[in-house]
Amino acid sequence: MSILFTDGMETIAAISTALGEGAIGIVRLSGEEALDIADKIYQSGSKDLHQCASHTIHYGHIVDPKTEEIVDEVMVTVFRAPKTYTKENIVEINCHGGIVATQRILQLVLRQGARLAEPGEFTKRAFLNGRIDLAQAEAVQDMIASKTERAMNQAMKQLEGRLSHKIKNLRDKISDVLVQVEVNIDYPEYNEEEMTLKKLDQAADEIREEIEAILSTSKQGKILREGIQTAIVGRPNVGKSSLLNHLLNEEKAIVTDIEGTTRDTIEEYVNVKGIPLKLIDTAGIRKTDDLVEKIGVERSRKAMQEADLILLLINQSEPLQAMDKKLLEMTDNSTRLILLNKTDLPAQINQEELVSYIKGDRVIQTSITQDKGMDELAQSISDLFLNGAIESNEATYVTNVRHIDLLEKACQALDEVKAGIRAGMPVDLVQIDFTRTFDYLGEITGESAPDELITKLFSRFCLGK
């Protein structure tokens, strides 16, 4: 896809801060006429915005040109092209927060000739104008959606272009080989086909090895980006809601001695050693005649089936119950941690009987009410999913599902290159699969991405970004 500069395109505007009460609201304009439009509604005792230097902020008022009514007291920031987020002229009107002030100013801006921006259009223009590539643009959305500091750090590295740099190097290597193949096809008298196929075979091995090295980080990267769907499971009154509340550090779920208090699944995100967990506190699984609780139990069963991790709580101050055994059997093939809870009370559980159901799963002794075993639980989750590989601050992880899919397709195309060579196919046919690898990698950065894909990706962004 060729890069299109957006000079002459409509000036766009949107509210860039979240709607609602707050100290500050920001209305952003971007485009060739951004300064002209803002000047029509901005008044200052000193000078108009056209006289202001780039990257400066100025005090004044927003005034309705029709009624000459002062709408708000503001600070206006001027950014002149090309050193801006979109590489266009940008004006940001910093007004008082709240829905009324920001909406009124946005309406005034639109009346003066700006167009309401589409979701993600500011970032889309940054991409189209060549300031960032597609992988970096997606990192902007990842930054916004980050649920932990580690996830945000990885998004920042992608925004800085670390993944893009690796992809560019791979495409450069492929391009060099393709040039040599073209020479062989056009001038066969100067290059032997056998030597060209040998070079293609060697290049396919080297490039596949580098792609696999990037893909090896995808499991950890996907976890950082999307989190681990974690079901808290157990029979009634074993401490499920207490565990949820403890991890959230707030009283989200009702905790009582009455069985069946939790009648539905409760979902919340929590940060555990930099890993986002999507916690699902399930209703205690048991037989019940209560219609509402029955629905909750069924939802709990579904949550167990879909979970990436199960935290199975068992009350060690009581003998192993039939429902405990059933839950141990139901989760036997799942990734799970066994929490023997209520260790502050005398132990009544038969350890030998328990061991016969556990089959090597990690068991953690906990007393949630006394904060015992929580550090071990957090470390166990980290060990289970990341194996310590995430600790390096310099590591770059591929976190985006789209990128992972394209990298895997690139590997498949390289496999077909080697299969074609083994089958004795002509070099011009083998070249087709090598070119596919080049194009798949280009889709990651946007250099060979179709327009409809680009439009779809940016439509997922929030308005004003």
Side-chain angles (χ1 to χ4, degrees), residues 1 133-136 138-139 142 154-155 157-158 160-185 191-226 385-390 392 394-450 453 457:
M1 190 205 75
D133 63 30
L134 197 55
Q136 289 172 295
E138 289 172 286
D142 290 345
Q154 284 302 314
K157 288 173 183 175
Q158 185 167 313
E160 290 171 350
R162 293 200 188 183
L163 176 62
S164 301
H165 180 69
K166 290 183 177 182
I167 298 301
K168 183 181 183 302
N169 285 343
L170 286 169
R171 294 187 91 228
D172 286 345
K173 291 179 181 180
I174 295 172
S175 180
D176 290 343
V177 175
L178 288 173
V179 167
Q180 293 183 36
V181 172
E182 288 294 338
V183 170
N184 173 265
I185 294 171
N191 287 283
E192 294 185 10
E193 182 168 327
E194 184 179 343
M195 292 295 294
T196 304
L197 287 171
K198 184 177 180 181
K199 188 165 187 65
L200 271 172
D201 190 51
Q202 182 180 350
D205 285 335
E206 292 174 358
I207 292 165
R208 197 186 199 290
E209 185 178 343
E210 291 188 48
I211 294 175
E212 285 178 343
I214 299 172
L215 278 172
S216 67
T217 69
S218 62
K219 180 183 176 183
Q220 291 90 346
K222 192 167 181 285
I223 287 169
L224 289 179
R225 185 174 190 263
E226 300 180 8
F385 284 90
L386 300 181
N387 300 317
I390 204 77
S392 172
E394 296 303 314
T396 302
Y397 296 87
V398 56
T399 63
N400 189 296
V401 174
R402 187 181 75 88
H403 301 168
I404 294 168
D405 178 60
L406 287 167
L407 287 167
E408 289 175 344
K409 285 180 177 177
C411 282
Q412 291 169 7
L414 289 171
D415 289 342
E416 289 171 20
V417 167
K418 294 186 68 65
I421 293 171
R422 288 195 301 270
M425 293 175 64
V427 67
D428 55 337
L429 294 181
V430 175
Q431 177 200 25
I432 293 172
D433 290 321
F434 211 64
T435 303
R436 281 174 53 224
T437 304
F438 184 79
D439 290 338
Y440 284 137
L441 295 176
E443 281 193 47
I444 294 175
T445 55
E447 292 168 275
S448 58
L453 170 64
L457 287 175

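Closest of all the heavy-atom pairs between Val430 and Met425 is CG2-O, 3.9 Å. Considering all non-hydrogen atoms of both residues, Phe434 and Val417 come closest at N-CG2, 3.5 Å. For Ser164 against Gln136, the heavy-atom pair with the smallest separation is OG-CG, 3.9 Å. Closest of all the heavy-atom pairs between Ala410 and Leu441 is CB-CD2, 4.2 Å. Closest approach of Ala155 to Asp142, counting heavy atoms only: CB-CB, 3.8 Å. For the residue pair Ser448 and Gly442, the shortest heavy atom distance occurs at OG-C, 3.1 Å.
Within the model, atoms CG of Leu407 and CG of Leu163 stand 7.0 Å from one another, a figure rounded to the nearest 0.5 Å. Atom CD of Gln202 and atom CD1 of Ile421 lie 11.0 Å apart (nearest 0.5 Å). Rounding to the nearest 0.5 angstrom, the gap separating the CG atom in Leu134 from the CD1 atom in Ile444 is 10.0 Å.
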ask   = Please walk me through it: do Lys409 and Glu443 pass salt bridge (Lys or Arg N to Asp or Glu O under 4.0 Å)?
value = CA-CA 11 Å; Lys409 285 180 177 177; Glu443 281 193 47; over 6 Å; no

Verdict with reasoning, Val177 to Ile207, per side chain to side chain contact (heavy atoms under 4.5 Å, CB included) = CA-CA 11 Å; Val177 175; Ile207 292 165; 5.6 Å; no

inquiry  = side chain to side chain contact (heavy atoms under 4.5 Å, CB included), that's the test. Do Ile167 and Asp133 meet it? Break it down for me.
reply    = CA-CA 11 Å; Ile167 298 301; Asp133 63 30; over 6 Å; no

request  = Decide side chain to side chain contact (heavy atoms under 4.5 Å, CB included) for Asn169 and Glu210; before the verdict, give the C-alpha distance in whole Å, the side-chain angles of both, and the deciding distance to 0.1 Å.
outcome  = CA-CA 10 Å; Asn169 285 343; Glu210 291 188 48; 5.7 Å; no

message = Show, in sequence, the C-alpha distance, side-chain angles and deciding distance for Lys168 and Thr445, and conclude whether the side chain to side chain contact (heavy atoms under 4.5 Å, CB included) test is met.
response = CA-CA 8 Å; Lys168 183 181 183 302; Thr445 55; over 6 Å; no

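Judged by distance alone, the side chain of Thr437 and the main-chain N or O of Asp433 form a donor-acceptor pair under 3.5 Å. At least one donor-acceptor pair closer than 3.5 Å links the side chain of Thr217 to the backbone N or O of Val398. With hydrogens and angles ignored, the 3.5 Å screen pairs no side-chain donor or acceptor of Ser175 with any backbone N or O of Asp172.
With sequence neighbours excluded, no residue forms a salt bridge (Lys or Arg N to Asp or Glu O under 4.0 Å) with Glu408. Glu416 pairs by the salt bridge (Lys or Arg N to Asp or Glu O under 4.0 Å) definition with Arg436, not counting sequence neighbours.
A salt bridge is defined here as a Lys NZ or Arg NE, NH1 or NH2 lying under 4.0 Å from an Asp or Glu carboxylate O, and Lys418 with Asp205 meets this definition.
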